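Inspection log for the structure reproduced underneath, given as structure tokens.
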2 protein chains.
Amino acid sequence: MTQAAARKASRRTPADKHDERRRALAESALRTLGELGYARSSLREIANNSEFSHGVVHYYFHDKLELIVFCVRYYKETCVHRYDGVVAEATSPDDLAERFGDKLVETIVEEAPMHRLWYDLRSQSMFEESLREAVSQIDKSLDDMVDRIVSRYAELAGAEPALDSAVVYGMFDGIFQQGLLGHLNGREGALEDLRAQAVGMLPMLMAPKSV
Amino acid sequence: MTQAAARKASRRTPADKHDERRRALAESALRTLGELGYARSSLREIANNSEFSHGVVHYYFHDKLELIVFCVRYYKETCVHRYDGVVAEATSPDDLAERFGDKLVETIVEEAPMHRLWYDLRSQSMFEESLREAVSQIDKSLDDMVDRIVSRYAELAGAEPALDSAVVYGMFDGIFQQGLLGHLNGREGALEDLRAQAVGMLPMLMAPKSV
DNA sequence: GAGAAATCTTGACAGTCGTCAAGATCAGCG
DNA sequence: CGCTGATCTTGACGACTGTCAAGATTTCTC
């Protein structure tokens with residue numbers, strides 16, 4: 001009624017622009033955060049690696065924490081659907097496992113900074129109360145993501161997942177983290193190990209269909 | 001020849017005292033680090049929570065990083081033998097699994113600050129080259145620690161570990177981390193879940209004896 | 001194009017940080 | 001005792017931090 005309703009729908013409203021800027025700022029910030037980590041990313045450094053000046057952050061975000069939380073939520077939106085294609089296109093259990101393993105390796109190679117940032121923030125949330133809500137929401141959505149893969153695998157295999165999705169997520173997250181560490185350490189074969197481990201693990205998680 | 005050899009063996013040498021101070025400093029530092037995390041633990045804060053003044057740190061350590069690395073190595077020495085008693089005393093596979101699960105829960109409750117510090121430092125090592133060597137050494141010794149448990153379980157069950165120790169470590173570490181996060185988030189049942197998951201996982205890792 | 005509102009830049013503030021050095025305090029030994 | 005070297009305290013430094021506010025600039029509206 002005040003402004004948005006009266007605006008033409010084809011042109012963006014001020015509110016839209018505001019959100020656009022927040023997203024652009026978040027994208028810059030994520031680059032810096034992925035490079036330096038949470039602790040060493042200052043607002044000035046973040047702003048320097050963007051097209052904005054350092055004061056503008058406080059125009060769009062109340063404080064640093066709000067920026068970080070916004071970033072991490074923004075990042076989540078795009079990353080939890082990473083395996084949707086794999087789930088949708090796989091034609092057999094083995095095919096799914098294969099594509100899944102490939103995708104795991106691919107994302108470690110191409111998005112290592114984002115992954116280490118995630119583990120950094122999750123660790124920080126163990127110390128900073130104010131990060132916990134966002135982190136645990138994302139962790140839940142990653143759990144769901146893994147569950148979609150495992151459930152689809154079970155479906156294709158004519159079986160049922162044998163374990164609770166929380167355990168399965170924990171296990172995959174654990175070996176993924178080891179793969180990431182190995183990759184960043186330059187350990188030869190870290191990625192191939194991860195692929196083999198993931199592919200080999202899927203069938204272990206199945207139980208014969210009961211009902 | 002210069003000083004140590006001439007000293008009486010019953011009294012501590014200056015070099016001993018030096019090491020003693022380093023250890024005392026490390027113990028104080030670990031308390032602060034476990035409370036605040038790596039990023040927010042300043043040398044002044046560390047010194048305030050100890051019996052020393054902030055300048056003394058530079059007398060015993062070249063810089064902050066050397067202190068941190070010393071701390072993390074010192075911590076490792078005492079923690080990788082946490083399950084030695086369990087391994088030594090268990091009389092059957094089920095007994096071992098039971099004791100193992102109990103110990104997991106116990107250490108999360110009693111040593112949560114140390115565990116979150118470990119995950120914090122491991123995450124930092126993904127950004128800071130200079131932490132990687134110490135971290136990956138500790139990670140390896142944790143791998144060995146888990147391997148001792150699983151191997152003993154296999155022995156008691158008359159079976160053999162079905163998977164590489166690296167995978168097994170990754171899996172246990174993953175569910176342990178979830179348990180720690182759940183516990184710190186105050187999630188009801190997080191610890192009981194972890195215990196059940198760990199106990200239930202051990203038999204899954206076995207294969208019939210081959211040779 | 002004038003005026004108003006939104007947006008952005010710049011510079012400053014009060015803290016904190018790691019590091020260091022000068023001097024105080026202590027221990028051991030002649 | 002006095003001397004010497006180890007040990008520790010104190011205070012300072014330059015750099016960096018998050019935050020904010022005053023003013024410049026742009027964008028939009030009439």
Side-chain angles (χ1 to χ4, degrees), chain A residues 1-26 28-29 32-33 35-71 124 128 130-131, chain B residues 2-8 10-26 28-29 32-33 35-71 124 128 130-131:
Chain A
M1 192 179 292
T2 54
Q3 73 283 28
R7 205 68 63 210
K8 290 204 297 186
S10 61
R11 221 69 203 109
R12 65 189 186 200
T13 78
D16 282 344
K17 170 147 191 197
H18 200 266
D19 277 6
E20 231 170 68
R21 275 279 186 273
R22 281 168 70 99
R23 273 192 290 272
L25 223 33
S28 280
T32 305
L33 285 163
E35 215 51 50
L36 299 181
Y38 173 72
R40 303 194 302 182
S41 294
S42 69
L43 293 181
R44 281 171 177 79
E45 193 65 28
I46 288 174
N48 278 351
N49 296 355
S50 78
E51 46 178 343
F52 310 106
S53 65
H54 74 268
V56 86
V57 176
H58 286 277
Y59 187 77
Y60 290 103
F61 298 95
H62 177 264
D63 59 8
K64 186 182 183 180
L65 198 78
E66 189 184 320
L67 168 66
I68 302 290
V69 170
F70 183 88
C71 283
Q124 288 307 309
E128 291 194 44
S130 32
L131 280 172
Chain B
T2 54
Q3 73 283 25
R7 206 65 66 210
K8 291 203 297 186
S10 60
R11 221 68 205 109
R12 64 187 187 206
T13 80
D16 282 343
K17 171 148 191 196
H18 200 267
D19 277 6
E20 231 169 68
R21 276 278 186 275
R22 281 168 71 100
R23 272 192 289 272
L25 224 34
S28 280
T32 305
L33 285 163
E35 215 52 50
L36 299 180
Y38 173 72
R40 303 194 302 183
S41 294
S42 69
L43 293 182
R44 281 172 176 79
E45 193 65 27
I46 288 173
N48 279 350
N49 297 355
S50 78
E51 44 177 347
F52 310 107
S53 66
H54 75 268
V56 86
V57 176
H58 285 278
Y59 187 76
Y60 289 103
F61 297 94
H62 178 264
D63 59 7
K64 185 181 184 181
L65 200 77
E66 189 184 320
L67 169 65
I68 302 288
V69 170
F70 183 86
C71 282
Q124 288 308 309
E128 291 193 45
S130 31
L131 280 173

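Quick note on labels: first sequence line is chain A, next is B, and so on, each numbered from 1. The structure displayed is predicted, hence computed values, not measured ones.
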ask   = Looking for any heavy atom pair under 4.0 Å, which part of the strands does A:Y60 touch: base, sugar-phosphate only, or nothing?
value = sugar-phosphate
ask   = CZ of A:R21 versus P of C:dT7: gap in Å, rounded?
value = 9 Å
task = Locate the shortest heavy-atom distance separating B:H58 from B:L43; write the atom from each residue and the value.
result = NE2-CD1, 3.8 Å
remark   = CD (A:E35) and CD (A:E45) are apart, to the nearest 0.5 Å, by 10.5 Å
note = Against the side chain of B:S53, the closest entry in D:dT10, C:dT9, C:dC8 is D:dT10
Atom pair distance, as rounded to whole Å: CG in B:L36 and C1' in C:dT16 = 14 Å
query = Closer than 4.0 Å, any side-chain N/O of A:Y59 to the OP1 or OP2 of C:dC8?
reply = no
Atom pairs and distances, donor-acceptor, side-chain atoms in residues 47-57 of chain A, under 3.5 Å, two or more places apart:
unit_1: A:N49; atom_1: ND2; unit_2: A:T32; atom_2: OG1; d: 3.0
unit_1: A:S50; atom_1: OG; unit_2: A:A47; atom_2: O; d: 2.8
unit_1: A:S50; atom_1: OG; unit_2: A:F52; atom_2: N; d: 3.0

task = Starting from P on D:dA6, measure out to CD on B:E20 and report it in whole angstrom.
result = 18 Å
inquiry  = What is the distance, to the nearest angstrom, from the CD atom on B:E51 to the P atom on D:dT7?
reply    = 15 Å
request  = Summarise how protein sits on nucleotides 17-27 of chain C as a single string, 5' to 3': B when a protein heavy atom is under 4.0 Å from the base, S for sugar-phosphate-only contact, - for no contact.
outcome  = SBB--------
inquiry  = Please enumerate all residues that pass side chain to side chain donor-acceptor pair (under 3.5 Å) together with B:Y38, with sequence neighbours excluded.
reply    = B:E128
ask   = Is the side chain of A:D19 donor-acceptor paired with the backbone N or O of A:R22 at a distance under 3.5 Å, no angle test?
value = no
Gap between atoms CD1 and P, on A:I46 and D:dG18 respectively (whole Å) = 8 Å
inquiry  = Tell me the interatomic distance from A:R22, atom CZ, to C:dT7, atom P, rounded to whole angstroms.
reply    = 12 Å
task = Pick out which of B:L67, B:L33, B:I68 makes a side chain to side chain contact (heavy atoms under 4.5 Å, CB included) with B:S41.
result = B:L33
